[in-house]
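First the proteins, then the strands, lettered A, B, ... as listed; each starts at 1.
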Amino acid sequence: MTVAVFFGCTFIAFGPAVSLFLFTIARDPLRVIFLIAGAFFWLVSLLLSSLVWFITVQISNKNSATQQRGLLIFGVVLSVLLQEAFRFGYYKLLKKANEGLLSLSQEDTMPISMRQLAYVSGLGFGFMSGAFSVVNILSDSLGPGTVGIHGDSQHYFISSAFMTLAIILLHMFWGVVFFDACERQRWGALGAVVVTHLLVSCLTFVNPHYQGSLIPTYIVLSVMAVWAYSCAGGSLRNLKLCLTCKDKDFLLANHRPR
Amino acid sequence: MVVMETAFFNRSVMLRMKNSSRVAGVAVIVSKTEPADGFSPHTTCPNQNTGVYSASYGPSYADCNVTLWNPLGNGLSYEDFGFPVFALKDENQTEVIRKCYEDHNMHVNGSAPLYPLCAMQLFSHMHAVTDTVTCMRRTDLQNRFSVNPEVLCDPLNETFVVAATRLDGRSFFWEKAPAGEAAVSGIVTLLAAIKALFPVTRETPPTRRIFFTFFQGEAFDYIGSSKMVFDMQRNEFVMDLDNVHSILEIGQVGLGSGGKMWMHSDPVSRGNSSVGEEVSALVEKMKSVGTDLNLPMSEPEVSQALPPSSFQRFLRAKQIPGLVLTDHQSAFNNRYYESVYDNAVNLNVTYPSGLSPDEQMHYETDTAKSLAKVATLVARSLYLQAGGQKTELQNITADPKTVAQLLYGFLVQKNNSWFRSVLPPEVTKKDSSLLGSGPPQFYIGLGPRVHGPVHSVTRFVQYILANLTGTVTNLTEKQCQNPSDIITENKDLYSYFWVSGPTSINNTRDPFCVRASVRLSKAISPAFELLEYGSRDYSTWTESRWKTIRARIFLVASRQLEMLTLGVGVAVLLLSLLMTYFISSKAELLFSAAREAPATTY
């Protein structure tokens, strides 16, 4: 009964993203709006890159396998660059929007901070990217059969689900680091985001040796997680305090009058 | 799912499959060479309930008590299988299935094979269930009450050309009925006899007229012949039973061992003195013709019943003198009766290699020569029986060339130059469904299309008869299709056919109009006209409607892996929910090194 595989892979791929959405975004309508806008921006970048790829495939030689593979690599690289470009474009747009919102609103503080915007837009990118990566695979996993009649590995579904999980979380972390780098004008960090994105995408060419692509991806994920945590204002001390549950005293001590 | 070679496709194995609860379908790899010890999915006593012998007529002959006609029959076609049984003939398909099995499902050193395993699905959904009575009742109910009635099953019906042999056959599998010895031998013999007789009967017509009839649907409890007798009894046919002087039926005549032919008669009606005298006279005539032709003719030594034949339906209505001509004395010589192996090879119609299709068509095999002899015998006997003069007999000879062409067309390749020249232009067009490549199939199939296309074999025989017995007219196409306006033509007496004609040198055809006294008459069982769906007297065969038949193979993963995936997914989901809740509740603390004011909403 491969409905089990379908649900299993859906939960693996979208579990963290959905729980993040439920607990941190769903209650605030403004965040929901920015999430969806971020997803839309990613979608437009995909549209553009697929347009370019489609045209190049049509004019290429369909019979040459090496040419097709080369085209695929080119397509992937182009898509990554376009996604990052659109992330930058979204950043610029949000900056302008925030200034506009601030001038219009009656409060003197912004309703949503840049840091939160970074997180929300990154998650939006992640949702859409994950959906496009995995939805076709999920629908195929429903069928009575599994992958493998031509000799492919039968761990295809579960590997794809884990990869999608990593990509979604990575997009979120990249969003945070990217926006932070743009705010502080640290172009090195920006470059690092682009490079790691390229690295993770190109690692998938190693498939079907799933260990070759999944393990480095998860290593990159943990590195980016730490980096994003520090960009977002976290530190080792906070983490220690949190884990040892000494938070109450800390908060009282740090309580500032409004 | 069982994939079996032909060697295992027999009654004992298939019944085991039927009784097992673990079998969901069977795919039979039909081998190219027939099984050496014969194979016939029909019953040992074909059509035993609809023949003439019953408890009230010749009870000692009923149920094949005296002679078992089809001893090799295993009755598989009449078993009710609750799962689909597919026939696989294409080499590529079976290769893929074998490879999948060898790669994934083979036992290694006695242990069970590991997942993922190769699996197959067969799609063959049938709308009708239970039996004809239930199915027709449901169809009738729907027709009366619903707006969009869904027909569940259709009475088997077809139209037939009138002559005393059968046109159809069947096998275990749908639409795969080559019916070589069972039907083609009779058709070819009768057509060749007609061609031999026609010029002589025109010049010196005998006292009585000869009425040639080809019955469709005989494999399914004599649909065609029972319909004709039924119409005769109600005076709805061109003649009545009283108009029938005698009947000569051509049974299976293709496998005459040593050239000897047998004449079967009904012992019960021969007890009646007038009928018995007529039959004996006919036997004598045929024996004398046979001696002239060096073709020994005899009657079976023991008093035995008629073999399964359309003649039995006539006897049910009235005791008419008649004979059934076959190549077997008691049991069939045909070891592949009503199976997929009753093909050209079974009839020894094989050609030397290296011949082009046209050369093959004109090549006279031994079978063609012997069938031509039989056709000459039939033609001369019919002429004598019709009251013709003995002196004319030597002018009646069947041409082996015609027989060879007919055999080629009906057994090997229906899309040949001769068939194309006798058929109408719309059929000879490139993508016509009637003239695909390969031999024609003799299964009569379903007929919801009451006014729809006629079965292909019926069409071929109809147009060949028009070619052999018709006259060329110089009518145009429009006039040919509607000759009632023209004074010299009689639409009631004749039929008009617009045929393609032979190809000329520059590959064009010059169609013309042929006038012939060839008629088609619908063969639908009287049970459906009388609405007696549970009739014991007439054929009540119906065929279920279905959706597209297809099959596919794929691998299935082990249950453990599937459950593991689900378990991991649920675990990931729960873990992420927990962690997110935890982080979100402690967010102020975790991200407190923010430079912006903490009065932001979290």
With respect to chain A, which residue among [options] yields the maximal number of heavy-atom pairs within a distance under 4.5 Å?
| options | value |
| --- | --- |
| Cys100(B), Ser576(B), Ala119(B) | Ser576(B) |
| Val572(B), Ile583(B), Thr565(B) | Thr565(B) |
| Leu566(B), Leu574(B), Leu575(B) | Leu566(B) |

Interchain contact, [X] with chain A, by part (heavy-atom threshold 4.5 Å):
| X | answer |
| --- | --- |
| Leu561(B) | side chain |
| Phe582(B) | side chain |
| Ala557(B) | both |

Less than 4.5 Å apart, side chain to side chain, heavy atoms only: is that true for [X] and [Y]?
| X | Y | result |
| --- | --- | --- |
| Ser141(A) | Glu562(B) | no |
| Pro16(A) | Thr580(B) | no |
| Phe11(A) | Val568(B) | no |

Take atom [atom1] of [X] as the centre, draw a 6.0 Å sphere, and report whether it contains more than 12 heavy atoms from other residues, nucleotides or ligands.
| X | atom1 | answer |
| --- | --- | --- |
| Tyr91(A) | OH | yes |
| Arg552(B) | CZ | yes |
| Phe8(B) | CZ | no |
| Tyr78(B) | OH | yes |
| Arg27(A) | CZ | no |
| Phe7(A) | CZ | no |

[X] to [Y] - nearest heavy-atom pair and separation:
| X | Y | answer |
| --- | --- | --- |
| Leu555(B) | Val147(A) | CD1-O, 4.4 Å |
| Gly569(B) | Ile12(A) | CA-CG1, 3.4 Å |
| Phe23(A) | Ser584(B) | O-OG, 4.1 Å |
| Thr146(A) | Pro116(B) | CG2-CB, 4.1 Å |
| Leu22(A) | Leu577(B) | CD1-CD2, 4.4 Å |

Fill in: Which portion of Ile158(A) sits near chain B, non-hydrogen atoms under 4.5 angstrom
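Side chain only.
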In terms of heavy-atom proximity below 4.5 Å to chain B, should Phe157(A) be classed as side chain, backbone, both, or neither?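 Contact with chain B is absent: no heavy atom of Phe157(A) under 4.5 Å.
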